[in-house]
Q: 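First the structure, then my questions, so here it is.
Just so it is clear: chains get the letters A, B, ... in the order the sequence lines come, proteins before strands, and each one is counted from 1. All values below come from the heavy atoms of this structure, side chains included, with hydrogens, waters and symmetry mates left out.
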Amino acid sequence: MTEASPANTETRGTLLVVDGHSLAFRAFFALPVENFSTDAGQATNAVWGFATMLSQVIDAEQPDHLAVAFDVKGGTFRNQLLPQYKGTREAAPEELLTQLPLIQQMLAALGVTYIEKPGYEGDDVIGTLATMGADANYRTLVLSGDRDAFQLIDDRITVLYPGHHFKDLKHMTPEAVEEKYHVTPAQYPDLAALRGETADNIPGVPGVGDGFAAKWINQYGGLDGIIEHADEIKGKKGEALRDNLEQVKLNRKVNALVRNLDLGVSIDDLTFGKPDANAVDALFKTLEFGVRSRSKILKSFNGGVKPALSPQGTDAARNADQPDEQALPLPELTVCADAAQIGQWVDANLADPWQQGMANNANDVAAQAGAGTWTLLAQGDPKPGRSTLDNVTVMAAGRALLIKTPFDEPTKHALAALLDEHHGTLAVHGYKEHLHLLGVAGLHLPEPKFDTKLAGYLVHPDFHADTLEQAAAHFLDLHVEDKKPQVTQGLLDLGDDNAGDEEPRENPNELTATRIAIVRALADTLAPMLEQRSQSHLLADIELPVSRVLHGMEDAGAKVDEQRLDTMREQFSADARQAQEMAWDLAGSRVNLQSPKQLQQVLFEDMGLKATKRTKSGSYTTNASVLQDLYVKYANDERASGFLGALLRHRETNKLKQIVQTLIDATNPKDGRIHTTFEQTVAATGRLSSVDPNLQNIPNRNAAGREIRSAFVPGEGYASLLSCDYSQVELRIMADRSGDEALIEAFRSGADFHRYVASLVYGVPVDQITSDQRSHVKAMSYGLAYGLSTYGLAQQLKISPSHADELKAKYFATFGKVHDYLESLVADARAKGYTETMFGRRRYFPALSSTNRVAREAAERAALNAPIQGSAADIMKIAMIRADRALREAGVNSRIILQIHDELVVEVAPGEAEQVTGLVADAMEHAVDLSVPLDVSTGIGDDWQLAAH
DNA sequence: GTTGTGACGTA
DNA sequence: CGTACGTCACAACC
């Protein structure tokens with residue numbers, strides 16, 4: 001049950017050994033020198049980068065001992081063997097070399113030991129320190145971008161090897177080395193000797209890479225064996241090997257690290273955590289590092305010496321590799337060999353009464369609360385329309401079975417049967433994602449019993465767990481290593497090409513066992529919480545069913561007319577270019593119109609326009625509303641108004657161009673459709689959101705932008721698009737919840753709603769309401785649910801605050817119960833700590849009791865809005881489930897493809913228009929029963945724009 | 001290389 | 001100084 005991790009065998013602490021040169025190089029090339037130099041011209045990018053990167057690693061690994069190794073100028077014994085050795089490194093830029101002493105100075109001030117040994121390299125110092133650490137029973141980490149360090153790896157020594165992004169350090173354990181190179185760490189130098197090392201200017205055997213080297217090593221046991229049998233190796237590569245044997249032998253001598261130098265220090269000397277604040281301060285001042293960054297860095301280096309025992313139980317077990325005090329029961333994991341084993345495994349587990357009994361006892365409470373007893377974990381990338389599947393694991397009664405892709409037919413059938421039989425008791429983390437993943441293998445997952453991702457969202461809707469591990473940390477206080485997200489739909493990987501082979505791998509099976517155990521633990525924890533809060537029905541009746549509908553929508557995608565998009569892009573692009581030319585002409589310089597900073601310079605300094613509003617960071621805003629005001633104000637100044645006009649036009653057309661471009665880029669070449677991802681656990685109010693791309697913010701307010709909607713068309717086999725949207729749902733919810741007779745009557749009357757309300761507010765007959773009066777009342781109505789202020793209303797309507805105040809007073813005099821209702825929302829939230837929608841969806845507002853007025857008032861507005869926006873979201877989700885079911889039960893081919901908060905877009909099959917319009921409108925209108933009707937307006941057309949009504 | 005900011009699209 | 005989102009491009013980091 002316990003893992004065989006080295007950290008488990010009593011260690012005395014953690015030693016971090018850093019390859020100083022490697023880190024300095026990395027820092028230097030990661031940060032542009034131009035941006036990091038003092039007034040005097042001293043480059044500081046490597047110093048700064050070194051400090052931040054090292055502090056990152058310290059924060060992540062929490063070592064209690066630390067040493068940094070450096071090379072010394074002048075040759076080493078290696079140069080005598082191999083004159084060109086590290087010739088490339090000597091060519092380090094001057095600007096980096098001058099920073100090395102500064103880095104050492106900084107380390108000294110920070111209280112960090114650094115070591116160099118004349119005649120030897122930093123690598124040898126590292127080898128020696130690591131050996132010392134391991135011998136003294138320390139968990140030893142070596143931070144180095146030099147692969148020579150891999151030879152040090154064993155049960156006690158792990159190399160932290162930076163990847164493409166420095167942040168994702170790979171923990172190179174023996175397993176990870178074997179996984180990647182197919183040789184043991186001890187054999188790694190043999191492999192490197194054969195392959196050579198370009199970074200160190202060491203030639204290998206021409207034509208021989210990692211693959212062949214590993215093959216030979218495994219065949220002959222190592223380099224000695226290879227040399228012995230060199231004559232037996234056939235082919236070109238064998239010949240090349242024989243021609244270069246001397247070089248290889250030399251390489252091997254050179255790449256062997258010395259591990260027993262006399263450094264004159266002992267491990268006990270390598271503690272840290274007592275920086276010399278004055279020295280650090282002085283140095284950072286001369287380097288012109290800001291005060292804020294200074295304290296940020298100091299913090300990491302202060303923590304080196306930890307108190308023997310932390311009084312707080314929660315933070316005590318932060319150390320990543322230490323097993324947590326809350327033990328996670330890992331399953332006994334079997335890797336599935338063939339399809340027959342699936343059936344056997346199921347039989348064995350179900351037939352074993354002892355195991356069954358154990359499991360039932362352990363899970364009794366949770367099972368009753370609805371957590372289920374089976375657990376499923378599919379791993380891969382669940383991107384709609386292009387997902388990939390790595391493996392599937394099922395778990396029951398403390399045993400797990402891991403099934404790797406590709407599946408053969410019998411395996412598929414066995415798995416399908418298993419899912420079919422047990423879905424009703426299953427827990428997963430992300431039903432929708434699992435539908436995408438399993439869909440790759442042609443499998444369907446019927447609705448599971450429990451979803452830990454959705455449950456976590458219901459319990460704490462404004463907490464965002466991007467990974468399963470983060471959810472574990474939050475809900476279980478279980479801190480396991482957070483490897484890269486595998487189950488979440490990340491925007492992280494840019495293409496799958498090289499993501500695969502650079503993966504951090506500590507025993508992948510162990511990782512899988514941990515992950516599925518987390519899902520189980522989350523289910524057992526969250527199910528009773530939902531039950532206790534009477535939210536289980538939200539999961540079972542809304543979120544889980546809607547996941548399935550969303551999967552269908554994402555999988556279907558939205559067909560776009562690519563030619564039309566291309567044409568539009570060209571048009572917008574040309575318009576933007578023209579506007580830019582004009583702006584440049586009038587400005588007299590080629591300002592970057594997309595740079596607020598440069599615009600501020602031109603507008604408020606060069607042209608001397610009067611700046612008014614500031615941004616939150618204190619600079620003058622150049623947003624559209626300010627530009628518009630200036631445009632009016634400087635109408636007589638030809639140059640200024642011309643520039644402002646051109647700038648506004650550029651802003652608009654360039655934005656449209658950008659939107660069209662992202663749509664083009666997001667179109668799947670296989671089907672010409674855009675498969676967005678609807679995020680079901682992101683918006684704190686219960687709404688959905690749409691990403692990659694966002695199809696919920698396609699322009700709709702002005703004609704030029706709305707044109708983009710005409711590129712959304714029915715796909716092959718479909719005849720038209722249907723758009724159905726709720727009118728004024730949020731206001732109707734307010735009418736219902738408040739019980740305000742006047743507002744209810746306004747909706748029941750079926751009249752022009754805003755005109756009707758205006759006539760009540762102003763006490764004027766309906767036919768005498770002016771368009772101003774109507775629009776003012778309309779803005780007021782809509783603003784209600786946002787907690788608008790007098791000031792905000794005045795600003796939006798461009799009326800005086802006193803006038804706005806008057807409007808507000810009149811409005812609330814007319815609809816008194818609405819006013820009381822809104823106040824009660826905030827008061828209830830303050831009393832209970834949370835708000836609740838019509839269906840029991842909660843959102844917590846700790847900031848309501850904040851002493852900070854700005855924060856508190858913001859929380860009040862959000863608390864006022866959440867139950868209203870959230871109830872509308874609940875209603876739409878119910879409508880989607882109903883509409884989807886109605887369409888399926890009617891046996892039509894039409895399908896929902898998009899949701900934009902209060903609108904559904906349906907792709908309609910030939911001949912189904914009338915029937916489908918009726919079904920969807922009905923599903924929406926009768927999603928819930930309110931004291932006011934839920935009006936739905938519908939439209940149908942050859943594209944999304946034409947479907948508007 | 002990472003992070004924050006400003007601007008702006010939607011309901 | 002009105003809620004809820006996502007995306008882009010720039011600039012800073014010193």
Side-chain angles (χ1 to χ4, degrees), chain A residues 26-27 29-39 42-45 47-49 51-53 56 162 164-167 284 287-290 292-294 296 462 491 592-600 613 615-617 619 621-627 651-652 654-659 661-662 676-677 679 682-702 705 708 725-726 729-730 779 782-796 801 843 854 857-858 860-866 868-870 872-873 876 899-903:
Chain A
R26 179 77 189 207
F29 290 109
L31 275 46
V33 204
E34 316 84 79
N35 292 357
F36 294 83
S37 39
T38 64
D39 292 339
Q42 168 65 53
T44 57
N45 63 332
V47 187
W48 170 251
T52 50
M53 287 166 165
Q56 269 176 38
H164 186 56
H165 302 273
F166 179 80
K167 256 201 153 169
F284 281 10
L287 295 176
E288 298 173 13
F289 289 3
R292 250 189 27 244
S293 353
R294 253 182 264 175
K296 201 172 86 187
D462 26 25
L491 312 167
N592 183 345
L593 299 181
Q594 287 167 136
S595 162
K597 204 188 159 212
Q598 292 182 36
L599 283 178
Q600 284 155 19
K613 269 178 61 180
T615 65
K616 67 172 171 186
S617 67
S619 58
T621 178
T622 66
N623 67 28
S625 101
V626 163
L627 296 183
R651 278 263 173 86
E652 186 183 343
N654 198 52
K655 176 83 179 178
L656 295 175
K657 182 189 95 174
Q658 175 259 107
I659 291 172
Q661 184 64 55
T662 36
T676 184
T677 298
E679 293 286 359
V682 164
T685 52
R687 274 190 176 183
L688 302 176
S689 77
S690 160
V691 294
D692 201 19
N694 182 355
L695 293 187
Q696 291 181 322
N697 71 343
I698 305 301
N700 197 20
R701 288 185 184 161
N702 59 52
I708 297 177
D725 64 66
Y726 281 120
V729 239
E730 300 190 350
Y782 277 116
L784 282 182
Y786 299 149
L788 56 23
S789 64
T790 306
Y791 180 92
L793 186 64
Q795 179 118 339
Q796 197 198 312
R843 184 174 172 193
V854 179
E857 289 180 348
E860 287 170 355
R861 291 189 298 271
L864 181 148
N865 171 262
I868 300 168
Q869 190 184 118
M876 180 50 114
Q899 186 252 48
I900 306 96
H901 308 305
D902 65 0
E903 173 187 8

Q: Check the distance between B:dT3's P and A:Asn35's CG and give it to me in whole angstrom.
A: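 It works out to 17 Å between those atoms.
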Q: A:Thr615 side chain: which of B:dA7, B:dC8, C:dC13 is closest?
A: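 Nearest nucleotide to the side chain: B:dA7.
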Q: Among C:dG2, C:dC13, B:dC8, which is the nearest nucleotide to the side chain of A:Leu788?
A: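 Output: C:dG2.
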Q: Whole angstrom is fine here: how far is it from CD in A:Gln869 over to P in B:dT10?
A: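 Checked: the CD to P distance equals 16 Å.
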Q: Any donor-acceptor pair, under 3.5 Å, between the side chain of A:Asn697 and the base of B:dG9, if you only look at N and O atoms?
A: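 Yes.
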Q: Counting only side-chain nitrogens and oxygens, does A:Asn592 get under 4.0 Å of the OP1 or OP2 atom of C:dC10?
A: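 So the side-chain polar atoms of A:Asn592 do come within 4.0 Å of the phosphate oxygens OP1 or OP2 of C:dC10, strictly under.
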Q: Tell me whether the OP1 or OP2 atom of C:dG2 has a side-chain N or O from A:Asn865 closer than 4.0 Å.
A: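 No, no such contact exists.
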Q: Once you round it to whole Å, what is the distance between P of C:dT3 and CD of A:Gln795?
A: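 Atom CD in A:Gln795 sits about 14 Å away from atom P in C:dT3.
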Q: Contact class for A:Val47 vs. all strands (heavy atom < 4.0 Å): base, sugar-phosphate, or nothing?
A: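 Contact class for A:Val47: none.
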Q: So A:Asn45, base contact, sugar-phosphate only, or nothing? Heavy-atom distance under 4.0 Å.
A: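 A:Asn45: no heavy atom of the nucleic acid under 4.0 Å.
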Q: Out of C:dC10, C:dC5, C:dC13, which has the shortest distance to the side chain of A:Ser595?
A: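 Within the option list, the nearest is C:dC10.
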Q: Has A:Gln594 got a side-chain N or O lying under 4.0 Å from the OP1 or OP2 atom of C:dC10?
A: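 Result: yes.
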Q: Give the rounded distance in Å between these two atoms: CG of A:Asn694 and P of B:dG9.
A: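 In whole Å, B:dG9 P lies 13 Å from A:Asn694 CG.
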Q: Strictly distance-based, threshold 3.5 Å: is any side-chain N or O of A:Asp692 a donor or acceptor partner for the main-chain N or O of A:Thr677?
A: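 The answer is no, because no donor-acceptor pair under 3.5 Å joins these two groups.
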Q: Look at the side chain of A:Ile659 and decide which nucleotide, out of B:dG9, C:dT7, B:dG1, has an atom nearest to it.
A: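 For A:Ile659, the side-chain atoms sit closest to B:dG9.
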Q: Counting the atoms with a prime plus P, OP1 and OP2 as sugar-phosphate, which does A:Leu287 contact under 4.0 Å by heavy atoms, base, sugar-phosphate, or nothing?
A: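 Sugar-phosphate: the residue A:Leu287, judged by heavy atoms under 4.0 Å, touches backbone atoms but no base.
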Q: Any idea which of C:dG2, B:dG1, C:dG6 is nearest the A:Ser789 side chain?
A: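 For the A:Ser789 side chain, the nearest candidate turns out to be C:dG2.
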Q: For B:dG9, take OP1 and OP2 only and decide whether either is under 4.0 Å from a side-chain N or O of A:Arg701.
A: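 So the side-chain polar atoms of A:Arg701 never come under 4.0 Å of the phosphate oxygens OP1 or OP2 of B:dG9.
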Q: With no angle test and no hydrogens, is the base of C:dG2 tied to the side chain of A:Gln796 by a donor-acceptor pair under 3.5 Å?
A: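 Counting by modelled atom types and ignoring angles, a donor-acceptor contact under 3.5 Å is found here.
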Q: Might you point out which heavy atoms bring A:Leu599 and A:Asn592 nearest each other, and give the distance in Å?
A: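 The answer is CG-O, 4.4 Å.
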Q: Determine: side-chain N/O of A:Thr790 to OP1/OP2 of C:dC1, distance under 4.0 Å, yes or no.
A: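 No, no such contact exists.
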Q: Calculate the interatomic distance between A:Gln658 atom CD and B:dT10 atom C1'; express it in whole Å.
A: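 For the pair A:Gln658 CD and B:dT10 C1', the rounded distance is 13 Å.
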Q: Which one, B:dG6, B:dG1, C:dG2, comes nearest to the side chain of A:Ser617?
A: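 So the side chain of A:Ser617 is nearest to B:dG6.
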Q: Please classify the nucleic acid contact of A:Gly290 as base, sugar-phosphate, or nothing, using heavy-atom distances under 4.0 Å.
A: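 Since only primed, P, OP1 and OP2 atoms lie under 4.0 Å of A:Gly290, the category is sugar-phosphate.
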Q: Within this structure, what is the CZ-to-C1' distance between A:Phe36 and B:dG1, rounded to whole angstrom?
A: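 The answer, rounded to whole Å, is 9 Å.
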Q: To check you understand the geometry: which heavy-atom pair defines the closest contact between A:Ser37 and A:Ala43, and what is its length?
A: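 Scanning both residues, the minimum pair turns out to be CB-CA, 4.0 Å.
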Q: For A:Ala785, report the nucleic acid contact type (base, sugar-phosphate, nothing); a contact means any heavy atom under 4.0 Å.
A: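 Contact class for A:Ala785: none.
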Q: B:dT3 phosphate, OP1 or OP2: any side-chain N/O from A:Lys167 under 4.0 angstrom?
A: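 Indeed, a polar side-chain atom of A:Lys167 lies that close.
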Q: Counting only side-chain heavy atoms from C-beta out, which of C:dC5, C:dC8, C:dA11 sits nearest to A:Ala684?
A: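 Closest of the options to the side chain of A:Ala684: C:dC5.
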Q: Quick one: label A:Thr621 by what it contacts on the DNA or RNA (base, sugar-phosphate, nothing), any heavy atom closer than 4.0 Å.
A: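 Touches sugar-phosphate only.
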Q: So does A:Arg861 get a side-chain nitrogen or oxygen closer than 4.0 Å to the phosphate oxygens (OP1/OP2) of C:dG2?
A: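 Answer no for this pair, as no side-chain N or O of A:Arg861 is under 4.0 Å from OP1 or OP2.
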Q: Starting at CD of A:Glu730 and ending at C1' of C:dT3, how long is that distance when rounded to a whole Å?
A: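 Rounded to whole Å, this separation is 8 Å.
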Q: Taking any heavy-atom pair under 4.0 Å as a contact, classify A:Ala872: base, sugar-phosphate, or nothing.
A: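 The residue A:Ala872 makes no contact with any strand.
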Q: Given C:dC1, B:dA7, C:dA4, identify the nucleotide with an atom nearest to the side chain of A:Arg687.
A: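 Within the option list, the nearest is C:dA4.
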Q: Using the P atoms only, state how far B:dT5 lies from C:dC1, rounded to an integer number of Å.
A: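 It works out to 15 Å between them.
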Q: Rounded to the Å, how far apart are A:Ile698 CD1 and B:dC8 C1'?
A: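 Those two atoms, CD1 and C1', are 13 Å apart.
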Q: Under 4.0 Å between any heavy atoms, over every strand shown, what does A:Thr52 touch: base, sugar-phosphate, or nothing? Just pick one.
A: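 No contact.
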Q: Side chain of A:Arg651 only, please: which of B:dA7, C:dC5, B:dG1 is the nearest?
A: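 Looking only at heavy atoms from C-beta outward on A:Arg651, the closest nucleotide is B:dA7.
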Q: Does C:dG6 have OP1 or OP2 sitting under 4.0 Å from an N or O in the side chain of A:Ser689?
A: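 Indeed, a polar side-chain atom of A:Ser689 lies that close.
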Q: As a test of reading the structure: which of C:dC8, B:dG9, B:dA11 is closest to the side chain of A:His901, going by heavy atoms?
A: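 Shortest atom-to-atom distance from the side chain points to B:dA11.
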Q: Please round to the nearest 0.5 Å and tell me the distance separating atom CE of A:Met876 and atom NE2 of A:His901.
A: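 It comes to 10.0 Å.
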Q: Is there a side-chain contact between A:Lys655 and the phosphate of C:dT7, meaning an N or O under 4.0 Å from OP1 or OP2?
A: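 No, because none of the side-chain N or O atoms of A:Lys655 sits under 4.0 Å from OP1 or OP2 of C:dT7.
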Q: Is there a donor-acceptor pair closer than 3.5 Å between any side-chain N or O of A:Gln869 and the backbone N or O of A:Arg687?
A: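 Side chain of A:Gln869 to backbone of A:Arg687: no pair is present.
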